[in-house]
There are 2 protein chains.
Amino acid sequence: MNANEIRVFCPATIANVSCGFDVLGLALDAVGDEMVVRKTTQKGIRITKLTGQDLPTETLQNVAGVAGLALLAQSNYDGGFDIEIYKKIKAGSGIGSSAASSTGAVWAMNALLGNPFSPLELVKFAMEGERLASGVAHADNVAPALFGGFTLVRSYNPLDVIKINTPKELYATVIHPQIEVKTSDSRRILKTTISLEDGIKQWGNVGGLIAGLFTEDYDLIGRSLEDHIIEPIRSILIPGFDTVKQKALESGALGCGISGSGPSVFALSKGIETAKNVAKAMSDVYDKIGIDYDIHVSKVNTEGIKIL
Amino acid sequence: MNANEIRVFCPATIANVSCGFDVLGLALDAVGDEMVVRKTTQKGIRITKLTGQDLPTETLQNVAGVAGLALLAQSNYDGGFDIEIYKKIKAGSGIGSSAASSTGAVWAMNALLGNPFSPLELVKFAMEGERLASGVAHADNVAPALFGGFTLVRSYNPLDVIKINTPKELYATVIHPQIEVKTSDSRRILKTTISLEDGIKQWGNVGGLIAGLFTEDYDLIGRSLEDHIIEPIRSILIPGFDTVKQKALESGALGCGISGSGPSVFALSKGIETAKNVAKAMSDVYDKIGIDYDIHVSKVNTEGIKIL
């Protein structure tokens, strides 16, 4: 590797994994952006190229720029960075487009500086990008992008990120119907209180899901992929959600839910064959409704960001 | 073993383990009742002896009787059982006194019948005893008594109990101040709604605790032993709770909380020496306040009920 420049793969991520609203995310393998980050003698951060999506390239308007500045502010490096972003993840799709850019920037910068910052510190820098993108500095996309696999954000204050075991045969199917759901809107419709009864169900399922991931008990993972709190509300914003979910489960998916704040819908399956069958079943629903979509089948990515 | 009679140890249990309200419990090793259960040609269940506590011996008024009848109703055995109960766990102490009796009865009966019922079925029978004791058929004491170690009640409908790994050096300290807190009262003071924000903290901690138990990460277990929802309300009913908790943590406990619905307070520690120091610190608080107490230090029991 050239010590002054690296090219990295920045994975798409699924946040709000069913019962794990705001705490549980996972990284994908087959979907992600590429970025080239280059050390410069000129101070500051510049987005010198951005392809694939129509997004701002002004440093303070770009999530990679903002996250990068957060890192620079804590660093004693007196130069700067140029960043090229090759977007393959669509902005607003609900699979961590902004998180890919902000984590890719800080991960690559850290690597070029000789890794002075811990992964947890990188999560904090990248969260500043999330704050720009959605108004909330959430961590459940940036954590899996940086750590790989399933990650649990146990606590925000202090920030505590736990890497969770990823069973080897776990595949994700993600369908992105081409409708727009803004993160800020999908946050706004949530109620600020929940019933204690639903809360108990939710933390029972989070416990079951974490246990299932560690013991690689696919059936337990499936039983635990339930969300009694967020999904009933947010799914209203996603046309055909109930049918997509039903067809995914009928095709053998362990579970199915909203990716991030939508509109993408994800399913988890044991084995790639089932994940492909699930993709077919989900696609059929939007074919019938007549909504365009992107569909992805991917192994869960256990490495996170990597050098290309 | 005599095929018609067995003597069993029925462990005390800690339910509502901090963040795991209504779902997470654990079994103790050093505290528990003994029971003798004997097959009889006479149909039905009789409590022929009950020592150590002043509790009803009428079958329908006794949790072991009610749980036993629930098992008999599903069995094709045409005889009955005599039950002797030697209580060492104080009723109303918050460490699963009723669960010890109801699980001991059904576990021993099942063993004498050649184990026709699964552990999960035994949980269901024993829950009928809990319904008699507290008005609610909760499972978070009976599950650890039957399965041993830490157990997660992922779901009540359908009932789904998951055995969680128990780190080898995990010890519990339990102090029982001699005041009365009725389970029904301590349920009644809980609010029926919670904030989504507190819910997220709670399921983040449940996830962290389960991860910590599987990876035997004592520090993570300690960070996750938080309860933002139930403890702030119920601790009001326990004199000196805040001081007991503070002293336990200062003495090296990983975490500290209310056992069941109280009034017992538990702490978890790594290693028996720390657990003993914690016991001393907790005892000092009630010595100063002038409230009598029982104190127990115990390894977490990974076997559950066992034949003596």
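- More than 12 heavy atoms of other residues, nucleotides or ligands shown are found within 6.0 angstrom of CD on A:Gln246.
- Shown here are the side-chain hydrogen bond (donor to acceptor under 3.5 Å, both in side chains) partners of B:Glu303, two or more places apart in sequence or in another chain: B:Lys306.
- Interface check for chain A: of the options B:Ser224, B:Gly20, B:Pro158, the most heavy-atom pairs under 4.5 Å are formed by B:Ser224.
- The part of B:Thr192 that comes within reach of chain A is its backbone (N, CA, C, O), which places non-hydrogen atoms under 4.5 angstrom from that chain.
- The two residues A:Lys191 and B:Leu196 make their nearest non-hydrogen contact at O-CD2, 3.6 Å.
- At least one side-chain heavy atom of A:Ile194 sits less than 4.5 Å from a side-chain heavy atom of B:Ile194.
- Partners of B:Arg223 according to the salt bridge (Lys or Arg N to Asp or Glu O under 4.0 Å) rule, which considers only residues two or more places apart in sequence or in another chain, are A:Asp160, B:Asp219.
- In A:Lys245, the NZ atom is crowded: over 12 heavy atoms of neighbouring residues, nucleotides or ligands sit closer than 6.0 Å.
- Only the side chain of A:Leu152 comes within contact range of chain B, judged by heavy atoms closer than 4.5 Å.
- Residues of residues 161-170 of chain A having a heavy atom under 4.5 Å from any heavy atom of chain B, listed by number: A:Ile162, A:Ile164.
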Item to check | Verdict with reasoning, B:Arg154 to A:Lys201, per side-chain contact (heavy atoms from CB on, under 4.5 Å) | outcome: CA-CA 7 Å; B:Arg154 186 197 61 83; A:Lys201 287 182 191 167; over 6 Å; no

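- With a 4.5 angstrom heavy-atom cutoff, B:Leu24 does not touch chain A via any of its atoms.
- Environment of CD in B:Glu250: crowded, with over 12 heavy atoms of neighbouring residues, nucleotides or ligands closer than 6.0 Å.
- Listed by sequence position, B:Gly204, B:Asn205, B:Val206, B:Gly207, B:Gly208, B:Ile210, B:Ala211, B:Phe214, B:Thr215 are the residues of residues 204-216 of chain B in contact with chain A, using a 4.5 angstrom heavy-atom cutoff.
- Across all non-hydrogen atoms, the minimal contact from B:Phe21 to A:Trp203 is O-NE1, 3.0 Å.
- Note: A:Thr193 leads A:Ile230, A:Thr193, A:Ile229 in heavy-atom pairs under 4.5 Å with chain B.
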